[in-house]
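Here's the structure we're looking at; comments come further down.
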Amino acid sequence: MTSTIGSTVLGFPRIGPNRELKRALERYWQSRIGEAELREVARTLRADTWRSLRDAGLDSVPGNTFSYYDQVLDTAVTFGAVPHRFAELGLNPLDTYFAMARGVESAPPLEMTKWFDTNYHYIVPEIGPDTTFRLSDRTAVDQCAEAAELGVTTRPVLVGPLTFLLLSKPVGGAAGSFRPLDKVDELVDAYAELLGELHRAGVEWVQLDEPAFTADRSQADLDALRAAYQRLGELDERPKILVASYFGELGDALGVLAAAPIEALGVDLVAGRRTVDQLPAVPGLRGKTLVAGLVDGRNIWRTDLDEALTTGATLLGLAGEVAVSSSCSLLHVPYDVDAETDLDPRVRSWLAFAAQKVDEVVILDRALHRGRDAVTEQLDDARRRITDRAGAELTRNDRVRARLDSLQPEHARRGDYADRLAAQRKSLRLPPLPTTTIGSFPQTTDVRKARAAVRSGSIDRATYEQRMRDEIDRVIRLQEDLGLDVLVHGEPERNDMVQYFAEHLEGFASTRHGWVQSYGSRCVRPPILYGDVARPEPMTAAWVTYAQQRTEKPVKGMLTGPVTILAWSFVRDDQPLSTTARQVALAIRDEVEDLENAGIRVIQVDEPALRELLPLRAAQHQDYLSWAVESFRLATSGVADSTQIHTHLCYSEFGDVINAIVELDADVTSIEAARSRMEVLDDLNAVGFARGVGPGVYDIHSPRVPEAGEVADLLRAALAAVPAERLWVNPDCGLKTRGYAEVEAALKNVISAAAAVRPAVG
Ligand code: GLN
Ligand code: ZN
């Protein structure tokens with residue numbers, strides 16, 4: 001047994017290189033396979049991962065990073081935090097677990113929300129005053145044994161007790177003053193029990209993840225952190241403890257953890273770069289292992305190994321051991337770049353997915369501890385790639401750069417709102433409480449098949465375009481029959497609202513197998529933004545103008561905004577995000593102009609991810625929000641007063657970005673609100689928002705068809721907060737994932753609700 005950690009990574013993807021787990025899960029949920037078969041798929045995935053990490057040369061292999069759904073949910077189950085409504089279903093453990101994640105008829109699921117500033121979603125545990133924590137599941141222990149049988153020693157990884165409680169929500173009905181953190185002592189006792197079992201099973205190291213401390217935390221949270229690790233550290237029977245942090249700097253928690261009686265501390269030196277300067281002044285590290293997160297676990301670029309090595313060298317001597325690691329779990333990147341045989345080989349040579357990142361960690365660790373000579377060839381190879389990328393013409397477009405340099409403040413400023421409003425009234429002549437949708441209509445199997453067929457070449461472009469036009473005809477006719485006021489073309493040509501634009505813009509590449517888990521069995525394939533962004537030709541105008549030719553009613557053009565395009569892509573790391581955002585904004589601006597020139601009078605630029613990219617620490621919010629807002633305005637300010645700009649926001653609590661919503665200066669903002677009963681309107685009023693607003697009145701995330709009476713009640717509630725001349729009527733979000741039957745019924749009710757309320761507002 002060694003007492004050091006050596007080279008390691010904090011976690012690894014688990015969905016399977018070919019999404020084996022996704023397929024198995026979905027088949028299990030459809031009762032097409034049984035539990036034994038699902039467990040077998042999982043066991044094979046775990047074995048393959050452990051072996052490949054060991055064979056790649058890692059000194060310490062993370063264990064227990066497999067999950068059937070989510071690691072936070074796993075932690076809840078490990079410590080018995082199963083709410084009554086699931087426990088009393090009487091299901092077996094696996095189905096109870098899935099019921100918590102996905103709900104069943106009689107028990108709605110736990111909430112799901114974003115894992116820090118990533119696009120991964122975790123299941124939010126519900127904790128109440130009478131939640132009893134006790135060690136209820138021994139998967140973490142069992143998987144160490146499972147790996148040992150294969151000859152691999154693993155270091156089980158668990159969400160730490162503080163992060164677990166800080167991410168939990170109080171169970172409904174708990175006293176207003178109750179916080180899940182109130183239960184920390186009980187939970188730490190349960191962790192202590194698990195550590196004892198791991199110790200008895202011969203486990204040498206355990207990793208407890210505390211990323212919650214890279215966000216702003218109160219003194220009480222820090223005190224709880226100190227107390228918890230004091231208690232765990234003092235246990236007689238326990239493995240050595242690595243507390244891992246990631247996604248940013250630890251701030252005050254750095255000193256707290258360095259002083260705690262634990263053996264190792266993991267820091268993110270990519271997102272939390274400035275930690276390097278803080279470490280020399282931190283007492284308490286000398287007797288510990290510092291796990292240095294030098295390889296970016298969040299992005300897909302090759303590491304500049306020379307630079308990382310220089311950083312690593314400054315750390316030597318600060319701690320008892322310096323172990324090289326990834327900056328966070330590799331869960332957030334795809335498996336293996338070698339699978340991308342269709343990618344431009346030059347771009348591919350600049351990329352590192354999870355497998356390549358493991359290699360980088362191993363090389364760095366060897367270079368740091370045995371000297372560069374031990375890995376000369378690998379370092380040379382890495383350097384060649386970095387140099388090639390830095391000098392590549394492929395990533396530069398001088399026209400784009402010149403245009404960026406010539407931008408003036410007025411490019412991000414529209415005319416006076418009063419003038420715009422007058423001009424738009426005249427041009428659009430809409431009834432009071434105008435009705436519209438957010439853009440997409442249900443994506444039928446036929447539509448998906450047609451898209452796949454043109455991609456594989458089994459139908460030609462002309463046939464494909466005819467099918468899309470047929471679909472647009474159908475969607476326009478349906479909207480006219482329903483009586484909507486501002487129509488859409490329905491977005492049948494779009495696989496995904498970011499991917500579609502990435503495929504039409506220069507500077508982006510798409511992968512074939514680059515799947516990343518988003519939640520449960522759901523994966524996304526983020527495009528790779530590698531170079532200056534330019535728009536070789538119009539991307540959407542043909543579809544939208546076709547739709548406009550089929551109706552007298554205004555058709556709304558539909559675009560994705562720059563912030564959302566960045567948020568859902570892997571973005572170049574060789575220039576500030578703000579610069580990349582401006583480039584994307586200019587491409588969208590050109591599309592907006594083309595739509596306007598083609599006679600489109602209403603244009604929507606969606607920014608559902610505005611909240612998502614918000615930095616974890618408040619001190620950085622202003623800087624982010626100012627470039628985020630500016631890029632939206634750059635995209636939308638090139639139009640005449642009479643052209644109505646809409647935006648759409650969803651997926652979030654809007655509190656932290658509420659001022660930015662005002663600053664976007666869109667003429668109309670549609671915003672998710674059906675579930676929160678219009679509360680967002682008061683928040684908007686409080687910050688002086690005075691533009692058109694369409695709070696969603698139909699929750700599209702549920703298959704339920706709202707009744708007209710219900711929708712009318714929501715509209716009346718909205719009218720209490722917003723004058724009638726500013727209120728729009730629309731669903732919460734796009735209709736893409738729903739079926740036609742429910743959508744037709746729901747929209748019919750939405751429209752009759754609007755008709756019922758209109759007489760009262762004139
Ligand atoms: N226009 C997009 C749609 O309707 C918006 C999707 C979204 O907000 N996520 O699908
Ligand atoms: Zn939405």
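In what follows, every heavy atom counts, from backbone to side chain, and hydrogens, waters and symmetry copies are set aside. Indexing begins at 1, ligand by ligand and atom by atom, following the structure's order.
- With salt bridges taken as basic N to acidic carboxylate O contacts below 4.0 Å, none links Arg467 and Glu471.
- Taking the centre and axis of the six-membered ring of Phe654, the NZ or CZ atom of Arg611 falls outside the cone set by 45° and 6.0 Å.
- Considering each of Asp606, Asp732, Leu649, the one bringing a non-hydrogen atom nearest atom 1 (N) of ligand 1 is Asp606.
- When only non-hydrogen protein atoms are considered, atom 9 (N) of ligand 1 lies nearest to Tyr651 OH, 3.3 Å.
- Each of the atoms 3 (C), 4 (O), 10 (O) of ligand 1 lies under 4.0 Å from some heavy atom of Gly734.
- At a 4.0 Å cut-off, not a single heavy atom of Lys736 sits close enough to ligand 1 to count as contact.
- Rounded to the nearest 0.5 Å, atoms CZ (Phe353) and CH2 (Trp515) are 12.5 Å apart.
- Near Gly439, meaning under 4.0 Å from any of its heavy atoms, are these atoms of ligand 1: 4 (O).
- In this structure, Arg474 satisfies the cation-pi test against Tyr740, with its NZ or CZ atom closer than 6.0 Å to the six-membered ring centre and inside 45 degrees of the ring normal.
- For the side chain to side chain donor-acceptor pair (under 3.5 Å) with Tyr120, the lone residue among His332, Gln71, Gln517, Lys114 that qualifies is Gln71.
- Residue-level proximity to ligand 1 for Ser440 is carried by backbone and side chain together, each with a heavy atom below 4.0 angstrom.
- Considering backbone and side-chain N/O of His648, one or more are found under 3.5 Å from N/O of ligand 1.
- Listed by atom number, the atoms of ligand 1 under 4.0 Å from Ile438 heavy atoms are 1 (N), 4 (O).
- The shortest N or O to N or O distance between Cys733 and ligand 1 is not under 3.5 Å.
- Closest heavy-atom contact between Asn495 and Lys736: O-NZ, 3.3 Å.
- The pair Arg420-Asp667 counts as a salt bridge, with a side-chain nitrogen and a carboxylate oxygen less than 4.0 angstrom apart.
- At the shortest separation from atom 6 (C) of ligand 1 among protein heavy atoms lies Met497 SD, 3.4 Å.
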